[in-house]
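Whatever order the structure lists ligands and atoms in, that order sets their numbers, starting from 1. Every value quoted in this text rests on a predicted model; they were computed, and no experiment measured them. All heavy atoms count here, side chains included; hydrogens, waters and symmetry mates do not.
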Amino acid sequence: METAHTLRKIDDLERHKLVDASERAGIVSVLEKFSLAVTPHVLGVMNNSDSEGAVAAQFVPSVAELQEHPSESDDPIADVKHSPVAGIIHRYSDRVLLNVIKTCAVYCRYCFRRENVGPGNGGLTPDQLDAAIDYIKNDDQIWEVILSGGDPLTLAPRRLSAVMERLADISHVGVVRIHTRVPSVAPDKITDDVVSALKKHRAVYVVVHVNHADEITPQVAEKFALLADSGIPLMSQSVLLKDINDNATTLTKLFRTLLANRVKPYYLHHGDLAKGTHHFRTSIKRGQEIVRELRGPLSGLCQPHYVLDLPGGHGKVPIGHQYLEQLSSDTYEIDDVFGEKQTYVDTRG
Ligand SMILES: *Cc1c(COP(=O)(O)O)cnc(C)c1O
Ligand code: SF4
């Protein structure tokens with residue numbers, strides 16, 4: 001039986017046979033800690049996906065979330081430490097995150113801000129939003145503003161439009177970036193009104209969060225096209241997830257599908273140390289192997305940066321394979337993409 005409503009409760013999951021009755025108590029404990037939302041669109045994708053649960057595992061809670069690794073944290077990348085005023089995270093001099101809202105269309109089970117997002121969290125009050133905008137206005141080093149999660153595209157288009165207008169009025173803000181999962185999980189929310197709101201700033205970039213090619217249904221592709229045809233450059237971020245996309249074949253398909261839909265793969269994130277997410281992480285060694293396998297056979301345009309967001313708020317760093325080994329002051333041994341070693345003489349070395 002289909003429902004047009006977002007699944008938010010244990011009973012909804014049971015009704016759709018997404019969890020087993022024997023797991024009920026465990027799942028109830030999970031839902032006490034972390035929010036749940038599965039949109040009707042995602043439910044449809046899960047049911048039609050032929051890749052063994054790769055979509056479902058991202059959104060359907062599991063009792064494994066109750067296991068906490070000692071290195072996991074409720075603030076894995078130290079957002080709190082870098083928040084000068086509510087809604088602003090200022091880690092790098094030239095750019096800030098502006099988190100206007102704390103709700104998302106879905107709650108990804110591996111989310112790095114999972115203790116901070118959810119329907120009970122209202123987001124910024126009008127006064128707090130004023131203060132956040134003032135913070136940006138008062139620091140002319142801030143060149144880029146990134147609207148992030150919660151998911152900014154769950155804002156009503158009218159509110160989004162007002163925020164975009166206020167950012168467009170600040171002359172030192174050269175670029176506005178939107179980080180969103182809405183196009184791939186609730187495509188019906190990407191309307192002409194949303195596009196007009198985004199277009200209030202001339203240099204708006206949309207970074208869509210997608211982890212598996214099965215998420216790019218015809219309806220999702222249509223929304224990517226709407227955004228791209230409106231002149232909005234699209235990029236993607238994906239999280240490397242165990243048993244979901246942690247192999248070269250799955251990632252090749254994902255990155256090709258994105259690029260063919262005019263979405264440039266930007267980041268492949270190593271899973272953050274959020275509580276109860278151990279079962280989603282691969283080892284860095286395995287991540288490096290996979291990314292190395294892609295380099296060569298897969299178009300350079302399809303290659304994202306494989307990055308780790310360092311715990312403690314020390315920023316994102318590329319953690320891919322190190323191809324270069326310095327042998328002497330002017331000589332390097334370099335791994336080529338065909339699996340052989342080459343020598344390179346640096347004439348300026
Ligand atoms: C990820 C992040 C950014 C954006 O970093 P880029 O490397 O420019 O994509 C900016 N600010 C904060 C606080 C972040 O966590
Ligand atoms: S959409 Fe982003 S912020 Fe929201 S739950 Fe998923 S990963 Fe977290």
Side-chain angles (χ1 to χ4, degrees), residues 6 8 33-39 41-42 55 57-61 65 75-84 87-119 121 123 132 136 141-155 174-186 189 205-211 215 235-241 244 264-272 274-277 280 304-319:
T6 294
R8 296 188 183 275
K33 292 177 143 178
F34 307 115
S35 306
L36 166 71
V38 177
T39 57
H41 174 83
V42 165
V55 179
Q58 298 179 51
F59 307 106
V60 176
E65 292 173 49
D75 185 16
I77 57 170
D79 284 343
V80 173
K81 187 166 94 190
H82 293 91
S83 181
I88 297 275
I89 304 171
H90 198 175
R91 187 169 290 137
Y92 306 107
S93 57
D94 84 331
R95 57 204 188 282
V96 293
L97 294 194
L98 171 57
N99 296 337
V100 178
I101 197 166
K102 294 201 167 170
T103 53
C104 299
V106 287
Y107 294 100
C108 314
R109 306 320 299 172
Y110 51 84
C111 173
F112 63 118
R113 293 211 175 95
R114 57 193 325 220
E115 313 225 17
N116 230 306
V117 294
N121 300 304
I136 296 167
Q141 296 277 95
I142 298 172
W143 170 79
E144 180 178 17
V145 176
I146 302 164
L147 301 190
S148 180
D151 196 312
L153 296 192
T154 62
L155 280 168
V175 168
V176 176
R177 200 199 303 180
I178 313 285
H179 281 183
T180 180
R181 210 180 194 327
V182 166
S184 63
V185 298
K189 277 190 188 290
Y205 287 70
V206 170
V207 180
V208 297
H209 174 170
V210 184
N211 297 325
E215 295 171 40
M235 280 157 313
S236 67
Q237 51 182 341
S238 307
V239 183
L240 183 63
L241 295 168
I244 292 173
K264 164 75 187 89
Y266 173 51
Y267 274 155
L268 175 65
H269 294 275
H270 190 76
D272 287 316
K275 279 192 180 163
T277 60
F280 281 117
H305 304 284
Y306 175 41
V307 293
L308 174 67
D309 211 335
L310 282 166
H314 302 287
K316 294 181 187 70
V317 283
I319 56 165

Is the backbone of [Y] close enough, under 3.5 Å, to the side chain of [X] for a donor and an acceptor to pair up by distance?
X	Y	result
R181	H209	yes
D272	P76	no
T39	V42	yes
D151	V182	yes

Suppose we only count N/O/S atoms under 2.8 Å; would C111 qualify as near atom 8 (Fe) of ligand 2?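 Yes, since at least one N, O or S atom of C111 sits under 2.8 Å from atom 8 (Fe) of ligand 2.
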Which segment of R113 sits under 4.0 Å of ligand 1 when only heavy atoms are counted: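 Neither; no heavy atom under 4.0 Å.
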Tell me which part of I146 gets within contact of ligand 1: side chain, backbone, both or neither, using heavy atoms under 4.0 Å.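 Contact part for I146 vs ligand 1: side chain (C-beta onward).
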Nearest heavy-atom neighbours spanning P304 and Y267: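 For P304 versus Y267, the nearest heavy atoms are CB-C, 3.8 Å.
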Tell me, which protein residue and heavy-atom name are nearest atom 5 (S) of ligand 2, and how many Å apart are they?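 The answer is C108 N, 3.3 Å.
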List the closest protein heavy-atom neighbour of atom 4 (Fe) of ligand 2: residue, atom name, distance to the nearest 0.1 Å.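 Answer for atom 4 (Fe) of ligand 2: C104 SG, 2.3 Å.
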Can we say K33 and E65 salt-bridge, meaning some charged N sits less than 4.0 Å from an Asp/Glu carboxylate O?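 Salt bridge absent between K33 and E65.
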Flag side-chain contact, heavy atom, 4.5 Å: K316 against Y92: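 When only atoms from C-beta onward are counted, Y92 and K316 do touch, with a gap below 4.5 Å.
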Where ligand 2 meets R181 - atom numbers and elements under 4.0 angstrom, heavy-atom basis: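 Counting atoms of ligand 2 from 1, those under 4.0 Å from R181 are 1 (S).
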For V106, take its heavy atoms, then give the atoms of ligand 2 lying under 4.0 Å from any of them.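 That gives atoms 5 (S) of ligand 2.
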Is ligand 1 less than 4.0 angstrom away from at least one heavy atom of E144?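 Checking ligand 1 against E144, which is what was asked, there is no heavy-atom contact under 4.0 Å.
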Numbering the atoms of ligand 1 from 1, which are under 4.0 Å from a heavy atom of Y266?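 Matching atoms, with element in brackets: 6 (P), 7 (O), 8 (O), 9 (O).
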Close-contact set for ligand 1 against Y267 heavy atoms, below 4.0 Å: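 Listed by number with element, the hits are 6 (P), 7 (O), 9 (O).
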Using non-hydrogen atoms of the residue, decide whether H209 is closer than 4.0 angstrom to ligand 2.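 H209 counts as a contact of ligand 2 under the 4.0 Å cut-off.
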Is V185 close enough to touch ligand 2? Criterion: a residue heavy atom under 4.0 Å from a ligand atom.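 The answer is no: ligand 2 sits nowhere under 4.0 Å from a heavy atom of V185.
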